[in-house]
Amino acid sequence: TPDGALPEHLALQAELDETKAAYDQLMQENEEMRSELEAKMAELEELQKQLDRARAANYRLSKGDMNNKQLSELRNERDQLLARLESLENDNKQLASSRDSIKTNLDISETRRQALTDTNVILTEQVEKAKQLTVFRAELFGVKVRRNGDAFTEDRLRKCARLEVEFDVQKNEIAEAGEREAHIVIYTPGKIIINDNPKQTFEYNGVQKLYTTKKVFNYQNKPQMVIAEYEIMDELPEGLYTAEVYIDKKLAFTTKTKFRR
């Protein structure tokens, strides 16, 4: 081997290995530059083959050799790619920061939206509750009817023609005016609902409930007295009776009355 040939080959090999390592790292760090970097790696492999052939032929490389020129160009391109990579990394950091800021803002917005939704649900429930009609008095009593048509209250069931529930609806300016429906449920002393038709039910708390009689009345947002009647069909036992008044399928009032036989 001519003097100085081996050290020059080794120096070029070291430069070549360093450049290949840098390109390999670039390919691992940035997918967008992969095709470009793979082409450069192919050039480096070709230079490696030239260097191997030169070493095998004991060829002494000179400063003007094409391998040196190509390697220098590749080193320059490598430096440019490294600069681009650094720029991309900075851009990625800024994007990550913006993304985190946007996510934080979205989380805050979602929290606020959920709070508003919860508040809206509460307000809606309060408004619906405020719109419900309320009853401040209700009475259950028996009614006896004379032959001339006159009627008066009676606490002896055997003399009663019907039962009546009289109730007073309070003033409510935000309630909807118009026809409203009241269901009356009357329990015997044995807690049995007086009901002449098993199909006579209304929905209450998600289940069907028997009722004794119902009354449709026209409500105009003012205090109003309403009377619901039930014609007695069968003999009823004496004792304490309970009457429940439901308006718009909501329990509005409960009253009790004791009847004699």
Side-chain angles (χ1 to χ4, degrees), residues 121-147 149-261:
V121 170
I122 293 173
L123 289 175
T124 300
E125 291 175 351
Q126 291 177 344
V127 170
E128 289 302 315
K129 186 175 181 179
K131 288 168 64 176
Q132 294 174 13
L133 299 187
T134 55
V135 173
F136 61 89
R137 181 194 67 87
E139 291 184 34
L140 167 65
F141 47 85
V143 175
K144 179 179 178 180
V145 181
R146 289 178 176 172
R147 292 182 180 179
D150 291 342
F152 57 92
T153 61
E154 175 61 66
D155 67 349
R156 289 172 294 182
L157 287 171
R158 59 188 175 82
K159 293 186 176 182
C160 291
R162 64 177 180 266
L163 297 176
E164 290 186 357
V165 176
E166 180 183 287
F167 57 94
D168 296 320
V169 181
Q170 288 185 327
K171 174 182 178 181
N172 190 328
E173 295 181 348
I174 68 171
E176 294 180 7
E179 282 194 353
R180 309 302 282 266
E181 192 172 57
H183 290 87
I184 310 300
V185 180
I186 302 175
Y187 296 86
T188 67
K191 301 300 180 182
I192 297 173
I193 296 176
I194 299 175
N195 174 270
D196 298 328
N197 184 354
K199 294 182 179 180
Q200 196 167 277
T201 65
F202 68 101
E203 185 179 336
Y204 176 65
N205 285 345
V207 298
Q208 294 300 313
K209 185 178 181 69
L210 292 171
Y211 67 89
T212 306
T213 186
K214 71 177 181 179
K215 177 73 174 183
V216 176
F217 60 98
N218 192 294
Y219 181 72
Q220 295 300 320
N221 307 97
K222 299 177 181 179
Q224 182 175 350
M225 185 181 74
V226 181
I227 298 176
E229 301 176 347
Y230 168 72
E231 299 295 330
I232 297 176
M233 306 294 292
D234 299 313
E235 186 175 310
L236 297 173
E238 66 177 1
L240 186 65
Y241 282 69
T242 301
E244 295 174 339
V245 180
Y246 294 82
I247 299 180
D248 297 335
K249 302 176 183 179
K250 305 285 185 182
L251 179 59
F253 205 92
T254 300
T255 185
K256 297 179 183 292
T257 300
K258 190 171 184 179
F259 289 101
R260 294 184 295 164
R261 182 71 193 94

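The shortest heavy-atom contact between V185 and F202 is CG2-CE2, 4.0 Å. Across all their heavy atoms, C160 and G142 have their closest contact at SG-CA, 3.6 Å. In this structure, L133 and A175 approach most closely via the heavy-atom pair CD2-CB, 3.7 Å.
The side-chain heavy atoms of L157 and Y241, taken from C-beta on, include a pair separated by under 4.5 Å. A heavy-atom distance below 4.5 Å is not found between the side chains of I184 and L163. When side chains are defined from C-beta on, T134 does not count as touching N172, because their heavy atoms never get closer than 4.5 Å.
Residue pairs meeting the side-chain hydrogen bond (donor to acceptor under 3.5 Å, both in side chains) criterion with at least one partner in residues 190-199, sequence neighbours excluded, are D196-Y230. For residues 215-230, the set of pairs meeting the salt bridge (charged side-chain N to carboxylate O under 4.0 Å, His left out) definition, not counting sequence neighbours, comprises R162-E229. Among residue pairs with one or both ends in residues 232-242, those qualifying as salt bridge (charged side-chain N to carboxylate O under 4.0 Å, His left out) are E235-R261; sequence neighbours excluded. Sorted by first and then second residue, the salt bridge (charged side-chain N to carboxylate O under 4.0 Å, His left out) pairs involving residues 174-187 (not counting sequence neighbours) are K131-E176, R180-D248, E181-K214. Residue pairs meeting the ring pair (Phe, Tyr, Trp, His ring centres under 6.0 Å) criterion with at least one member in residues 150-181: none, sequence neighbours excluded.
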Contacts under 3.5 angstrom, residues 249-259 side chains, donor-acceptor by atom type, not counting sequence neighbours:
from	atom 1	to	atom 2	distance (Å)
T255	OG1	A138	O	3.2
K256	NZ	T242	OG1	2.9
T257	OG1	L140	O	2.6

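Partners of F136 under the ring-ring contact (aromatic ring centres under 6.0 Å, His included) rule, at least two apart in sequence or in another chain, do not exist in this structure. Residues satisfying the salt bridge (charged side-chain N to carboxylate O under 4.0 Å, His left out) criterion with E244, sequence neighbours excluded, are absent altogether. Evaluation of the ring-ring contact (aromatic ring centres under 6.0 Å, His included) rule for Y211 yields H183 as partners, not counting sequence neighbours. Here E173 pairs with K171 under the salt bridge (charged side-chain N to carboxylate O under 4.0 Å, His left out) rule; sequence neighbours left out. With sequence neighbours left out, R260 forms a salt bridge (charged side-chain N to carboxylate O under 4.0 Å, His left out) with D155. When the side chain to side chain contact (heavy atoms under 4.5 Å, CB included) test is applied to A177, the partners found at least two apart in sequence or on another chain are Q220, N221.
M225 contributes atom CE, which lies 7.0 Å from atom CG of D168 (distance to the nearest 0.5 angstrom). Separation of atoms CD1 (I192) and CD1 (I186) is listed at 14.0 Å; rounding is to 0.5 Å.
Aromatic ring orientation, Y219 versus F217: perpendicular (interplanar angle above 60°, classes split at 30° and 60°).
No donor-acceptor pair under 3.5 Å is formed between the side chain of E164 and the backbone N or O of T153. Between the T212 side chain and the I194 main chain, a donor and an acceptor come within less than 3.5 Å of each other.
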From CA spacing to verdict: side chain to side chain contact (heavy atoms under 4.5 Å, CB included), E203, K209: CA-CA 6 Å; E203 185 179 336; K209 185 178 181 69; over 6 Å; no
